[in-house]
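Below is one structure, written out as structure tokens; the observations come after it.
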Amino acid sequence: MSESPEPDNSAPVRAGALSGTPYLQALNEEQRVAVEALDGPVLVLAGAGTGKTRVLITRLAHILATGRAFPGQILAVTFTNKAAREMFERVEGLVGASAQGLWLGTFHAICARILRRHAELVGLKPSFTILDTDDQIRLAKQVLEAANIDEKKWPARALVTVIQRWKDKGLAPAKVPASAASEFANGRALELYGQYQERLRTLNAADFGDLLLHSLTLFTRNPEVLADYQRRFKYILVDEYQDSNVAQYLWLRLLAQGGGNICCVGDDDQSIYGWRGAEVGNILRFEKDFAGARIVRLERNYRSTPHILAAASGLIAHNEGRLGKTLWTEGEDGDKVVVGGVWDGAEEARMVADEIEALQRQGCRLDDMAILVRAGAQTREFEERFILLGIPYRVIGGLRFYERHEIRDAVAYLRVLAQPDDDLAFERIVNVPRRGIGKASLQTIYRLARAEGIALTTAAGRLVETDEIAPRARGSLSRLLDDFDRWRAQAQTMTPSALAKGVLDESGYTGMWRNGKSADAPGRLDNLKEFVAALEDFETVGEFLEHVSLVMDHDRAAGGDLVNVMTLHSGKGLEFDTVFLPGWEEGLFPHTRALDQSGHAGLEEERRLAYVGITRARKRVRISFAANRRLFNQWVSAIPSRFIDELPPDHVEHMTSPGLYTGRGAGRQGGPDAGLSEMGMAFANLRSRARPGPAIDADARRFEAAKRRGAGIVGVGDRVFHQKFGYGRILAVDLNKLEIIFEKAGIKKVIDSFVKPA
DNA sequence: ACTGCGCCAGTTTTT
DNA sequence: CTGGCGCAGT
């Protein structure tokens, strides 16, 4: 699918433009073109590793340095907070303090900022609450309940998805075309959407999709407001344009109609978020959407070796409907991409762990290695192997900090205090910890609230004056409401952090976890401490709540030399020397559900995911597939992924586990041993080579035992705590390896340094 | 008001 | 095999 390199896609670079702008000299020619093409719409097609972020940053700096605009006249949007933060820091490095005035942030954060100013125009109060997914589902549940729809048949989560898809397309309830009526609840989805929106409005709340949708409504209904922002934003920059959805596209188009100086950067080959509303079509249609658009291609890759780049390019060439890029690079060919078949998932984990140790012995940092899996569940086998061998690792992704149960509860307390009308927050914590305010009492509160059109707290306040609620519940409820009042009074004088600490202690919330003896209780208490500490950075609770709903992410990437384990999706945007890509089997990758759900488009997105995975690597790519995998409870045999066949043979070498002859990719090109490179041999040999066993040596044994005693662990029978597996008792000891029966996780072998005495 | 049992489902994830 | 959820029983 690749086209020949663009012979001439750019105006000649004017030498004069370089004077007084030293930062431009650090760029290659195409990058410089992308930076200097300031007028009119520009699409920068930036292949993986071609210096996309550098271009964006330099462009920003260039606009400022040449005095074309003030910081406050530049809008720069990203999709993630991490990207926004990085961009801000790097721009600040170039231009210093003037970075402060930029409109730089995620689509959602910028929309929220705009909406707070004009909330009344879309029927909200400026103090509106931003709901998270959890709240959305609870709200949807209430809507379904009120509409008498069986939640078994039509789950609330599915309704939220339907509504979200409409919002992604920029469709308010009134705009949803009849033809778009979804299957959901026999075509009642639209009606439910309307009710959901109505509920949101009475709660003075907006979900994430609303931030964009309301902004769109604001602009289309109030031309003078739109005109104001159009005048304001002389330059618009958009990162990761391939991830934008229709609503975001419409939003950008409205704003760009002012001056038209919009620059979108992206890579159609890295569009992997179609399943959550992103439209590859946006980037494919850019030239049509923005008249007179100029396209600049960044094709010189600074990251990967030629073999890796060629393998990735060959694979992605199987996709249709690409804009087409020809990535090239200079330098040593390096290792070919190694593809290996193994018997099962455990062997795969063993092989990967062995190579990690081998690389480490050669002086490679663990931090420079990553395992990128298709699905979160795949990390388990690697974790268990790493724990057994004592290889330090970190799993990136999973639950974000603010998504954790205990953090949500803590936030809900603050929400109730800051926003007495926040029914969802009230509902969440009214009986947490247990106060004996159960379903019956809640029903009563609901009834009154609905009948009078008042908030739950208000209704509760009235009900404690009557005897409509059982005495016990009435007492607790009354005490809780008094607490609320007291805390609200304290909020006037205390710092948010001190307030939160007080609230969590006095409400009994901290105590609930301290008294509970579940394996994860200590971790939750730690998180609560972290939560209180995080609040120290804020002046007001309101400020913190905005931050928590829009900005707060959990950067676990920090700290230490650890192997990185994550999904392919969360690997996007990162790079590592060595990348392991396990689980390349039909069904898992490409994932069956992606194919079932989206057919050919789904397959292409999976292929892009594979492309993203390979292009994360600087030096080494190790792809593997297992002939057998345990899925749920049963063993299923799998065939190698079609993507393995699609890799260009010249840049790949195959190795196969001895005695494993099944699978279509295995050994096909030249057999297991033919033409293996040094690394390939290492990969092949490592897994069969006996690991250097621990010397059975009295000194070593004594040494390990002494070390454990130092740590407070004596031996068999001791009760210990493990970060991941919880509490357990030591069954057996072999040097530094302990066999432990955990209360929850069963019997595991772990390295002693991973446990502490309980 | 809470506990326990049985049923179901079980890619990817940001805001 | 899990975990989460809803319902039924105490």
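Proteins get letters first, then strands, A, B, ... in listed order; numbering begins at 1 in each.
A salt bridge links A:Asp409 with A:Arg428: the closest approach of a Lys/Arg side-chain nitrogen to an acidic carboxylate oxygen falls below 4.0 angstrom. For A:Arg593 and A:Asp596, the salt-bridge test fails: no basic side-chain N is under 4.0 Å from an acidic carboxylate O.
Tested against A:Pro582 for a side-chain contact (heavy atoms from CB on, under 4.5 Å), the candidates A:Leu588, A:Val373, A:Thr379, A:Leu372 yield a single pass: A:Val373.
For DNA chain B, the residues of residues 129-150 of chain A within the heavy-atom distance limit of 4.0 Å (strictly under) are A:Thr133, sorted by number.
A tilted orientation is assigned to the rings of A:Tyr273 and A:His569, their planes being inclined by 30° to 60°. The aromatic rings of A:Trp103 and A:Tyr229 stand perpendicular to each other, their planes meeting at an angle above 60°, with 30° marking the opposite boundary.
Scanning DNA chain C 5' to 3' for nucleotides with an atom closer than 4.0 angstrom to a non-hydrogen atom of chain A gives a first and last hit of C:dC1 to C:dG6.
Among the nucleotides B:dT15, B:dT13, B:dG10, the one closest to the side chain of A:Arg593 is B:dG10.
Taking the centre of each ring, A:Trp584 and A:Phe589 come in below the 6.0 Å mark. For A:Tyr241 and A:Phe79, the distance between ring centers is not under 6.0 angstrom.
A 4.5 Å side-chain heavy-atom check between A:Leu203 and A:Phe128 finds every atom pair outside the cut-off.
Across all strands shown, A:Glu606 has no heavy atoms under 4.0 Å from either base or sugar-phosphate atoms. Contact annotation for A:Arg434: backbone-only contact, meaning every heavy-atom pair under 4.0 Å involves sugar-phosphate atoms and none involves a base. The residue A:Ala473 sits apart from the nucleic acid: no heavy atom pair falls under 4.0 Å. Counting non-hydrogen atoms under 4.0 angstrom, A:Gly209 reaches nothing in the nucleic acid.
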Using a 3.5 Å limit on both pairing distances, list the dot-bracket string of DNA chain B from the 5' end; Watson-Crick and G-U wobble pairs count, crossing pairs take [ ], interstrand pairs take |. ||||||||||.....
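When the P atom of B:dT12 is taken as reference, atom CG of A:Leu609 falls 11 Å away, rounded to whole Å.
Ring-to-base geometry places A:Trp275 in a stacked arrangement with B:dT12 (centre distance under 5.5 Å, plane angle under 30°).
For the pair A:Glu279 (side chain) and A:Ser244 (backbone), a donor-acceptor distance under 3.5 Å is absent.
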